[in-house]
Amino acid sequence: MSDSESFFGNPDPIFADKELLRVSHLPEGDRIIGRDTELQKLASAIKDAQRGDTPNNVLIYGKTGTGKSLCSKYITRDLTEAAAENGVKIGVAYVDCFQESTETQTVRTIAQSLNAPEETGITVPHTGVSTSDYYRRLWDILDERLDVGIVILDEIDKLEGDNVLMQLSRAAEAGKVTESTLGVVGISNKIRYKDSLNERVKSSLSERDFVFPPYDANQLREILKSRSDAFREGVLDQGVIPKVAALAAKEHGDARKAIDILRYAGEIADEHDDDTVREKYVDEAHEREEQARLSELIAKQPDHSKYLLQALALQVQDTSGENPVVSTKTVYPAYKRLCEDVGVDPLKMRRVRDLLSELAFLSLIEQERKGRGKGKGAHTVNQLVDDPEIVIRACESA
DNA sequence: AATCCACAGGAACTTACGGGGG
DNA sequence: CCCCCGTAAGTTCCTGTGGATT
C-alpha cells in the first residue's frame with residue numbers, strides 16, 4: 001500500500017474499535033463480568049417500577065471502579081425498555097453529585113434530564129429561579145410525562161446536606177406528585193455513609209442496600225479480555241492483560257483503572273510505531289494513567305484552587321526532604337506571589353482556608369490541626385497526597 | 001493543670017449574575 | 001424594559017480552640 005496523502009488515511013495499526021476501551025462505554029448484558037448476583041439483586045429491588053408502582057430505594061456501596069454506576073445504568077435502561085412494553089413510562093436521571101454537589105444543582109440536573117420541553121411545556125433554566133422553584137418544576141415534569149422517575153445519585157456522599165434526599169424520598173407520600181412516583185438509587189464510595197444520615201432519610205433511602213466487592217485479578221482479566229476486541233487481531237502480547245490485571249488488582253480492584261491502563265499501553269505502542277502492545281509498555285501506561293487521573297480531577301477545580309495547589313506543591317518541593325507539611329500561613333504568601341505572576345487578584349485568607357479544606361475533602365491534600373504551645377496559637381498543616389512534580393504538571397496543564 | 005494567642009472556622013454581609021413577572 | 005428575587009463566590013467580623021510551655 002502506498003503512503004496515503006491523508007493524515008487520517010492509514011488504518012489504525014493497533015486499535016480496531018477504541019470505543020470499547022472508553023470507561024463510559026455501556027456494554028451489552030453479556031459483557032458485564034462478575035456482577036451477576038449484584039445485577040439480580042438490583043433488578044429485584046426496583047422491579048415494581050415495571051408495573052408503574054414505586055420501586056424500592058436502593059443504596060449501593062463499593063470502591064471506585066467496582067461497577068456500581070455501570071450496573072445501575074445498565075439495569076435502569078433494561079427496566080425502562082421492559083416497562084415500555086407494558087405501556088409504563090419510566091424516566092431515568094443520572095446525577096454525578098461530585099459535580100452537582102449543592103441541593104439546587106442536584107434538583108436542577110434531575111429536572112433537566114427528566115424534562116422534555118416540547119412535551120411538557122416546562123422550562124428548566126440554568127439560573128435565575130429558586131431551589132423550591134426547581135422542585136416545583138420537577139414534580140410537574142414527573143406528573144406530566146412519566147409514570148415512574150428513577151434518580152441515580154452517584155457519589156451521593158459528596159452531596160451537601162440531605163434535604164434533596166428528604167424531598168425525593170417523601171415526594172409521593174407528601175403528595176408532591178400524584179400521577180407518578182419515584183425511586184432513588186444512591187451510590188457511595190464510603191461504607192459508613194449511611195451513618196451520617198438522619199433517621200428519617202436513612203430508613204426510607206436504604207430499603208435495600210448492597211455492597212459491590214472489588215474485582216479480583218481473575219475478574220479483571222475477564223473484563224479486559226472481553227474488551228480486547230478493541231484491538232486489532234494479534235497485536236496484544238500474551239502477558240499484557242495479566243500484567244494490567246495484576247497491577248489493578250493490587251490497587252483496590254479498580255476496573256476503570258485497568259481499562260485505562262490497557263488503553264494507554266496501546267497508545268504508547270502506537271507512539272513507538274510498534275504494531276505490538278508489549279508487556280514493557282504497561283508500567284509507563286500505569287504512570288500515564290495516574291497523571292491523567294490527577295489532571296482530570298484538578299482541571300475541574302476553580303482557578304484559585306489550582307493556584308493554591310500549585311503553591312503548596314512548590315512549597316513542598318522547597319521544604320527539604322522528610323517532612324513535607326506546610327502550614328496554611330506559609331502557603332498563603334506563596335499563593336499570593338503566584339497570583340501576581342499570573343496577573344490575578346489573590347483571594348483573602350478566609351476564602352483560601354475554605355478552598356484548602358475543599359481540596360482536603362477531595363483527597364488532593366491532607367490537613368491536620370495542631371497546637372503549637374503556650375502563646376503560639378493553633379494552626380493547620382497541609383500535606384500533598386500525590387507527588388509534587390505530578391501535581392505541578394497537572395496544575396500547569398489545566 | 002492552667003495558660004495564652006495565632007490561626008480556625010461560623011455567621012452575616014456584599015457583589016455579580018441571570019430569570020421571571022408586571 | 002425594569003425591578004425583584006434567588007444562588008454562588010467572596011469578604012468582613014468575630015468567637016472558638018489546641019497543646020507546648022509555664
Side-chain angles (χ1 to χ4, degrees), chain A residues 95-115 117-118 120-141 144 155 158-168 176 196 298-312 315-316 319 323-340 342-384 398:
Chain A
V95 184
D96 181 359
C97 301
F98 183 82
Q99 288 176 69
E100 327 287 345
S101 60
T102 67
E103 182 182 7
T104 316
Q105 289 169 336
T106 308
V107 188
R108 186 183 63 212
T109 311
I110 297 170
Q112 274 172 347
S113 48
L114 291 182
N115 196 19
E118 66 286 355
T120 56
I122 301 172
T123 61
V124 183
H126 191 259
T127 61
V129 300
S130 68
T131 307
S132 55
D133 215 348
Y134 282 126
Y135 275 118
R136 212 195 62 231
R137 286 171 203 225
L138 172 58
W139 307 142
D140 287 347
I141 289 165
E144 191 67 39
E155 308 216 37
K158 297 281 187 287
L159 216 51
E160 297 161 14
D162 46 18
N163 211 347
V164 200
L165 308 176
M166 195 76 175
Q167 298 286 339
L168 290 178
K176 304 283 187 184
S196 67
I298 291 174
K300 275 191 260 180
Q301 302 311 309
D303 288 348
H304 284 284
S305 294
K306 289 179 207 161
Y307 302 144
L308 256 171
L309 199 59
Q310 197 175 343
L312 177 60
Q315 293 269 304
V316 167
T319 313
N323 211 13
V325 297
V326 184
S327 72
T328 307
K329 172 85 178 303
T330 327
V331 182
Y332 190 63
Y335 154 78
K336 247 163 121 174
R337 241 176 290 126
L338 199 65
C339 282
E340 277 160 31
V342 188
V344 186
D345 286 343
L347 298 174
K348 295 288 185 289
M349 187 65 164
R350 182 65 190 85
R351 183 65 185 142
V352 163
R353 277 201 285 268
D354 279 346
L355 291 182
L356 280 173
S357 63
E358 273 171 39
L359 290 174
F361 183 67
L362 297 173
S363 301
L364 280 166
I365 67 174
E366 270 170 18
Q367 291 189 308
E368 195 183 350
R369 212 176 159 196
K370 287 195 163 170
R372 290 177 300 185
K374 183 177 166 69
K376 297 242 194 282
H379 71 332
T380 301
V381 290
N382 307 280
Q383 201 171 351
L384 273 186

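Here is the naming used below: chain letters follow the sequence lines, and residue numbers restart at 1 for every chain.
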Once each nucleotide of nucleotides 12-22 of chain B is scored for protein heavy atoms under 4.0 Å, what B/S/- sequence comes out, 5' to 3'? ------BSS--

Would you check if [X] and [Y] make a side-chain contact, meaning some heavy-atom pair closer than 4.5 Å?
| X | Y | result |
| --- | --- | --- |
| A/Leu384 | A/Pro324 | no |
| A/Lys176 | A/Gln167 | yes |
| A/Thr328 | A/His379 | no |

Measure the distance from [atom1] on [X] to [atom2] on [N] and round it to the nearest whole Å.
| X | N | atom1 | atom2 | answer |
| --- | --- | --- | --- | --- |
| A/Leu356 | B/dC7 | CG | P | 14 Å |
| A/Glu358 | B/dG9 | CD | P | 13 Å |
| A/Arg369 | B/dA6 | CZ | P | 14 Å |

Ignoring hydrogens and geometry beyond distance, is the side chain of A/Arg350 in donor-acceptor contact with the base of B/dG10 at under 3.5 Å? yes

Which value, rounded to the nearest 0.5 Å, describes the distance between A/Asn382 atom CG and A/Ile365 atom CD1? 4.5 Å

Outermost contacting nts on DNA chain C, any atom under 4.0 Å from chain A heavy atoms, listed 5' then 3', are C/dG6 to C/dT22

What is the nucleic acid contact for A/Thr131, judged by heavy atoms within less than 4.0 Å: base, sugar-phosphate only, or nothing? sugar-phosphate

Test A/Asp140 against A/Thr120 for side chain to side chain donor-acceptor pair (under 3.5 Å), laying out the working first. CA-CA 8 Å; A/Asp140 287 347; A/Thr120 56; over 6 Å; no

Atom NZ of A/Lys336 with >12 non-hydrogen neighbours under 6.0 angstrom: no

